[in-house]
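Because the structure is predicted, anything quoted here is derived from the model rather than measured. Basis for what follows: all heavy atoms, side chains included, without hydrogens, waters or symmetry-related copies.
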Amino acid sequence: MGRPRVALIATGGTIDSVGTSRLDLAWYTETRNRLPDEQLLTSLTELADIADVRTVAFPRVPSYAIADRDWLDLVRTVTGLLASDDCDGVVITHGTNTMEETAYLLHLTVPVGKPVVLVGAMRPASGLGAEGPLNLLRAVQVAASPAARGHGVLVVMNDTIHSARDVTKTATFRVDALRAPDVGPLGYADADGRIDFYHRSQRLPSPSPAFPVGDLESLPRVDVVVSYVGADGVLIDAAVAAGARGMVSAGTGAGRPTPAEVEALNRAAAAGVVVCQATRAGGGRVSRSPEMRRRGVVAADNLVPWKARVLLALALTRTDDAEDIQELFDHL
């Protein structure tokens, strides 16, 4: 049997960014310089011992500039690759700022079988101690590993393998910024090249994919509103006026918006907007209380608000019934 065949999609991010000096580790994005096409790949001659890697053209943009059309194009590109007999896995380089959102979107919209791995870096390609090349090598190792099949979309950073559902960015500069606070990693890509999975996520889409996007050109508008002391309903009302079909409230503690926000969320629900209650806390689940059920509010479980937004937007392509959407949040 020949070597595994891995498709590489470069969407941009810190991993291929170039700063003004080796110590430009913070403001390199302002140079808007990137490595030439495929240089990150061609510089990793060690990959030839792991897999046959081919690049797939895709626009490179900062992850904070990605829009719905980019997401949907990426879903269709990845789905096409996974359906091909000459592709055993897919690796996607991506900026870490929104990596968790893209990963979760793909987790819900592409087939679960073959490995799909997102990877990035916290230091630019030009930086002292840049970890991007090793991260990419580890990602290819994971995508080429039979053990990675059936886990859904994965994120590999800092030798650590995370489920797309659970991972979130927890720091601005640290190389261990991508973590899964509630459940931890699925496994590791260790220094000896061994790929080990120690457990499996119970939140895998079934059937897979959960949401085939087909010919969608955009996703329903879903806004996120973060609660804080003294917050009123102005931002919620504005989102409704702007055409939001869904609203994620990032409440305090276990999901507590202010009284003024609750009034505005009730107005939004009366206008047909599906409201999802999440927490700004960064860990733990939001429980659906009797009052939330009475108000028709969906509980986000332990999804961070921006991931709850992804699931709610996809759910709204299928239904606007709060009970049906709650079922999706309880299992995805």
Side-chain angles (χ1 to χ4, degrees), residues 1-13 15-16 38 40-58 74-96 99-100 102-121 131-167 178 180 185-201 204-205 208-209:
M1 182 179 293
R3 286 177 301 181
R5 297 155 298 180
V6 175
L8 174 64
I9 303 173
T11 70
I15 194 169
D16 61 19
E38 300 193 24
L40 187 62
L41 177 62
T42 57
S43 65
L44 275 173
T45 57
E46 294 84 357
L47 288 177
D49 296 325
I50 300 169
D52 290 328
V53 182
R54 64 182 176 94
T55 58
V56 177
F58 199 85
L74 184 60
V75 170
R76 285 186 275 268
T77 299
V78 173
T79 300
L81 290 168
L82 295 176
S84 171
D85 290 336
D86 64 356
C87 176
D88 298 310
V90 177
V91 171
I92 303 166
T93 62
H94 195 288
T96 59
M99 179 185 287
E100 63 199 85
T102 298
Y104 190 45
L105 178 100
L106 290 169
H107 189 69
L108 297 171
T109 57
V110 304
V112 164
K114 296 177 182 178
V116 176
V117 180
L118 276 77
V119 63
E131 84 283 18
L134 184 56
N135 281 351
L136 177 55
L137 185 140
R138 296 288 185 234
V140 171
Q141 287 177 320
V142 172
S145 171
R149 296 178 66 92
H151 285 278
V153 174
L154 303 169
V155 171
V156 172
M157 292 278 292
N158 201 36
D159 294 350
T160 307
I161 307 169
H162 291 288
S163 167
R165 186 195 181 278
D166 304 321
V167 70
L178 275 290
L186 298 181
Y188 297 93
D190 268 332
D192 59 358
R194 178 165 165 164
I195 306 302
D196 274 320
F197 285 84
Y198 290 96
H199 65 266
R200 178 178 293 274
S201 174
L204 290 173
S208 174

Enquirer: Any idea which heavy atoms bring Ala51 and Ala144 closest together, and the distance?
Expert: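 For Ala51 and Ala144, the tightest heavy-atom pair comes out as CB-CB, 4.3 Å.
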Enquirer: Answer yes or no: is there a side-chain heavy-atom contact under 4.5 Å between Val142 and Ile161?
Expert: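 SC-SC contact between Val142 and Ile161 confirmed.
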Enquirer: How would you list, by chain and number, every residue that makes a side chain to side chain contact (heavy atoms under 4.5 Å, CB included) with Pro133, sequence neighbours excluded?
Expert: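 Partners of Pro133 by the side chain to side chain contact (heavy atoms under 4.5 Å, CB included) criterion, ordered by chain and then number, come out as Leu40, Leu44.
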Enquirer: Restricting to side chain to side chain contact (heavy atoms under 4.5 Å, CB included), what partner residues turn up for Thr79, sequence neighbours left out?
Expert: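 Residues passing side chain to side chain contact (heavy atoms under 4.5 Å, CB included) with Thr79: Val75, Val110, Pro111.
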Enquirer: For residues 189-198, which side-chain N or O atoms pair as donor and acceptor with protein atoms under 3.5 Å away, sequence neighbours left out?
Expert:
from   : atom 1 : to     : atom 2 : distance (Å)
Asp192 : OD1    : Arg194 : N      : 3.0
Arg194 : NE     : Asp196 : OD1    : 3.1
Arg194 : NE     : Asp196 : OD2    : 2.7
Arg194 : NH2    : Asp196 : OD1    : 3.4

Enquirer: Which residues pass the ring-ring contact (aromatic ring centres under 6.0 Å, His included) test with His162, sequence neighbours left out?
Expert: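 Per chain and number, His162 pairs via ring-ring contact (aromatic ring centres under 6.0 Å, His included) with no residue.
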Enquirer: So which atom in Leu82 and which in Pro115 form the shortest heavy-atom distance, rounded to 0.1 Å?
Expert: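 What the structure gives for the nearest pair is CD2-O, 4.5 Å.
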Enquirer: Is there a side-chain contact between Pro209 and Leu108 (heavy atoms, below 4.5 Å)?
Expert: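 When only atoms from C-beta onward are counted, Leu108 and Pro209 do not touch, as no gap falls below 4.5 Å.
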Enquirer: Just verifying a value: how many Å separate Glu100 CD and Leu105 CG, rounded to the nearest 0.5 Å?
Expert: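 Glu100 atom CD to Leu105 atom CG measures 13.0 Å (nearest 0.5 Å).
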Enquirer: Just jot down the side-chain hydrogen bond (donor to acceptor under 3.5 Å, both in side chains) partners of Thr55, sequence neighbours excluded, or say none.
Expert: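 Thr55 satisfies side-chain hydrogen bond (donor to acceptor under 3.5 Å, both in side chains) with Glu38 only.
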Enquirer: To the nearest 0.5 Å, what is the distance between CZ on Phe58 and OG1 on Thr77?
Expert: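 It comes to 5.0 Å.
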Enquirer: Can you tell me which residue pairs pass the side-chain hydrogen bond (donor to acceptor under 3.5 Å, both in side chains) test with a partner in residues 136-151, sequence neighbours excluded?
Expert: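 Non-adjacent pairs meeting side-chain hydrogen bond (donor to acceptor under 3.5 Å, both in side chains): Arg138-Gln141, Arg138-Asp159.
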Enquirer: Can you sort out the partners of Thr160 under side-chain hydrogen bond (donor to acceptor under 3.5 Å, both in side chains), two or more places apart, ordered by chain and number?
Expert: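 Thr160 satisfies side-chain hydrogen bond (donor to acceptor under 3.5 Å, both in side chains) with no other residue.
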Enquirer: Run the side chain to side chain contact (heavy atoms under 4.5 Å, CB included) check on Val116 and Val78 step by step: do they pass?
Expert: CA-CA 8 Å; Val116 176; Val78 173; 4.0 Å; yes
Enquirer: Tell me, please, which residues at least two apart from Ala103 pass side chain to side chain contact (heavy atoms under 4.5 Å, CB included).
Expert: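 Applying side chain to side chain contact (heavy atoms under 4.5 Å, CB included) to Ala103 gives Leu118, Val153, Val155, Ala164.
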Enquirer: Rounded to the nearest 0.5 Å, how far apart are CD1 of Ile15 and OG1 of Thr96?
Expert: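 Answer for the CD1-OG1 pair, Ile15 versus Thr96, is 10.0 Å.
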Enquirer: Look up atom CD in Glu46 and atom CG in Leu134, then write down how far apart they are to the nearest 0.5 Å.
Expert: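 CG of Leu134 is found 9.5 Å from CD of Glu46.
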Enquirer: Output a table of donor-acceptor pairs, distance under 3.5 Å, between side-chain atoms of residues 85-94 and any protein atom two or more places apart or on a different chain; print 'none' if there are none.
Expert:
from  : atom 1 : to     : atom 2 : distance (Å)
Asp86 : OD1    : Ser84  : OG     : 2.2
Asp88 : OD1    : Arg5   : NH2    : 3.3
Asp88 : OD2    : Arg5   : N      : 2.8
Asp88 : OD2    : Arg5   : NE     : 3.2
His94 : NE2    : Thr102 : OG1    : 2.9

Enquirer: Return the minimal non-hydrogen interatomic distance between Val112 and Gly152, and the atom names on each side.
Expert: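 Answer, listing the atom of Val112 first, then Gly152: CG1-N, 3.6 Å.
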Enquirer: Go through Asn135 and Val156 one step at a time and tell me if the side chain to side chain contact (heavy atoms under 4.5 Å, CB included) criterion holds.
Expert: CA-CA 7 Å; Asn135 281 351; Val156 172; over 6 Å; no
Enquirer: I need the full list of salt bridge (Lys or Arg N to Asp or Glu O under 4.0 Å) pairs touching residues 102-111, with sequence neighbours left out, sorted by first then second residue.
Expert: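 Not a single pair qualifies under salt bridge (Lys or Arg N to Asp or Glu O under 4.0 Å).
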Enquirer: If you take all heavy atoms of Ser163 and His107, which pair is closest and at what distance?
Expert: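 Closest approach of Ser163 to His107: OG-CE1, 4.4 Å.
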